[in-house]
Protein chains: 2
Amino acid sequence: MIRINRRTDYAVRVMLALARHAGEGRLSTQQIQDQMLVPRAFLQRIIADLSRQKLIKTYTGPNGGLELTRSVETFNLREIYEAIEGPLLISDCLEAAGVCPLDKGCPVRPRWACLQALMARELEAITLAELVADADKIGQFQTR
Amino acid sequence: MIRINRRTDYAVRVMLALARHAGEGRLSTQQIQDQMLVPRAFLQRIIADLSRQKLIKTYTGPNGGLELTRSVETFNLREIYEAIEGPLLISDCLEAAGVCPLDKGCPVRPRWACLQALMARELEAITLAELVADADKIGQFQTR
DNA sequence: TGGATTGTTTACTGATTTGGTAAAGAATTC
DNA sequence: GAATTCTTTACCAAATCAGTAAACAATCCA
C-alpha cells in the first residue's frame, strides 16, 4: 500500500513544533505532547529516531528538551520521512539488481523508478519553513 | 511505508501479457503463469480481482481464458493499482474530515493532498500501450 | 451425460509491519 | 542525592502481505 504512516506524520508535527519555537530555547517532549496530541510513549520513540538521524539535538535533565540542529529552511519533508521510514523505495524491484526475476528485461521497473524520483523531488521541495508559514496563516499550533 | 505491493506488480504483468496478446484470442492463467513467473494460487486471486473490477473478461471451460475488456490504450497504471489495492490514499488524514484530531487546522494535510494528486496524475499518464511499446523495445515477455 | 478444462471463492498460514504501552536506565541540573 | 528529562528495550494486539490449498462452478466436447 502506498501510505505515509502515522509515525512519519507525527514526526512532521514534532519538527513543526520545534520550528515554530526556534530561537526561543528548547521544547520538552511533554510540551510537544500537549501541543501535538501524540501519545507519550510513542512520541518518545519518534523523537529518539529524529535524534539518532541528527535532525534534532536533545538534552537531558531539568531544562532539557529538544531543538533543531539546523535552520528551519534547510529541512524538507523527504528528510523527515527518511529519518523515520528509511530510504524512499516505492518498489522492491528498485532495491537492487537481481531482486526481480524479470530484472533488466522488465518494462515496468523504469516507470516505478521515474515515479519514485518524482516523489523524492516533490518531498524535497516542501521545506519546514513553508510548513511554518502555512501554520502561521492557519493560526493553529499556537504555542502562546 | 510508501511501497507498491507485489500483488499490484503481478497485476501489471498480467495486464501486460494480455495486452501483448490482444487480438490473438484468449490467454489462460496457466500461460500467464509460465510467462510471468508468478505462483499459481496467488495469480488466480489477482486475476479474480482484475475480473471483478472489470479490467478483464474471463471464460471458463476448455478454450477459456482471459482477455482485456477494452483497447490497450485505454488502461493506465492508476486503474490497475486501484483494482488491486483500492483507491489511492497516501495518508489516513485525507480519508475523511474528522479523522485527524488537528483536522482543518493542519498545515501538513494540504501538502499530502497535493502529493497524492501528483501521484494519481502520474500513474494515469502511464498507459498499458506505452508499457507494451517498452516491452517490445526491450524484447522481453516474448510469447512466441 | 460425464469427464476434462478452466476460472471463482473461501479458508487458512506464517512473517512482517503498524500503532501503541511500559518500564528500567542514563544523563543532567540543582 | 533527588528531581527531571531523554534513551533503550521488551512487549503486545491488530492489520497487512505473500502465499497455499481445496472445494466449487461454468463450459466444452466426445
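Naming: A, B, ... by sequence-line order, numbering from 1 per chain.
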message = Tell me every residue that passes side-chain contact (heavy atoms from CB on, under 4.5 Å) with Ala83(B), counting only those two or more places apart in sequence or in another chain.
response = Leu50(B), Gln53(B), Leu55(B)
Atom pairs and distances, side-chain donor-acceptor, residues 56-67 of chain A, under 3.5 Å, sequence neighbours left out:
from     : atom 1 : to       : atom 2 : distance (Å)
Tyr59(A) : OH     : Glu67(A) : OE2    : 3.2

remark   = Rounded to whole Å, CZ of Arg45(A) lies from P of dC12(D) at a distance of 14 Å
query = Taking only N and O in the side chain of Arg6(B), is any of them less than 4.0 Å away from OP1 or OP2 of dG19(D)?
reply = yes
request  = Return yes if a side-chain donor-acceptor contact under 3.5 Å exists between Glu85(A) and Thr8(A), otherwise no.
outcome  = yes
ask   = Taking only side-chain nitrogens and oxygens of Ser51(A), does any of them come within less than 4.0 Å of OP1 or OP2 of dT7(D)?
value = yes
request  = When you get a sec, tell me which of dG19(D), dC29(D), dC17(D) is the closest nucleotide to the side chain of Asn5(B)?
outcome  = dC17(D)
inquiry  = I'd like to know if the side chain of Gln116(A) and the backbone of Ile90(A) have a donor-acceptor N/O pair within less than 3.5 Å.
reply    = yes
task = Enumerate the residue pairs fulfilling side chain to side chain donor-acceptor pair (under 3.5 Å) with a member in residues 36-45 of chain A, sequence neighbours excluded, ordered by first and then second residue.
result = Gln30(A)-Arg40(A)
Presence of Thr29(A) side-chain N/O under 4.0 Å of dC6(D) phosphate oxygens OP1/OP2 = yes
inquiry  = Let me spell it out: for each of Gln44(A) and Arg7(A), pick the nucleotide of DNA chain C with the closest heavy atom. Which residue's pick is nearer the 5' end?
reply    = Arg7(A)
task = Find out whether Cys106(B) and Trp112(B) are in side-chain contact, i.e. whether some heavy atom of one side chain is under 4.5 Å from a heavy atom of the other.
result = no
ask   = Taking only side-chain nitrogens and oxygens of Tyr10(B), does any of them come within less than 4.0 Å of OP1 or OP2 of dA18(D)?
value = no
message = In whole Å, I'd like the distance from the CZ atom of Arg26(A) to the P atom of dC6(D).
response = 10 Å
Where at least one partner belongs to residues 115-133 of chain A, residue pairs that pass salt bridge (Lys or Arg N to Asp or Glu O under 4.0 Å), sequence neighbours excluded = Arg78(A)-Glu124(A)
task = Provide, to the nearest angstrom, the distance between the CG atom belonging to Leu43(B) and the P atom belonging to dA21(D).
result = 15 Å
task = Round to a whole Å and report the spacing from CZ of Arg3(B) to P of dT16(D).
result = 17 Å
query = Nearest-Å distance, CG (Asp49(B)) to P (dC17(D))?
reply = 12 Å
inquiry  = Tell me the interatomic distance from Ile2(B), atom CD1, to dT16(D), atom P, rounded to whole angstroms.
reply    = 17 Å
inquiry  = Near DNA chain D, counting only heavy atoms under 4.0 Å, which residues of residues 52-62 of chain B show up?
reply    = Thr60(B), Gly61(B), Pro62(B)
query = chain A on DNA chain C: first and last contacting nucleotide, 5' to 3', under 4.0 Å to a heavy atom?
reply = dT18(C) to dC30(C)
task = Please report, rounded to the nearest Å, how far the P atom of dA13(D) is from the CZ atom of Phe42(A).
result = 17 Å
ask   = Do the side chains of Leu68(A) and Leu128(A) get nearer than 4.5 Å, heavy atoms only?
value = yes
query = Between atom CD1 in Ile46(A) and atom C1' in dC6(D), what is the gap in whole Å?
reply = 15 Å
task = Verify, without hydrogens or angle tests, whether Gln35(A) (side chain) and Ala17(A) (backbone) share a donor-acceptor contact under 3.5 angstrom.
result = no
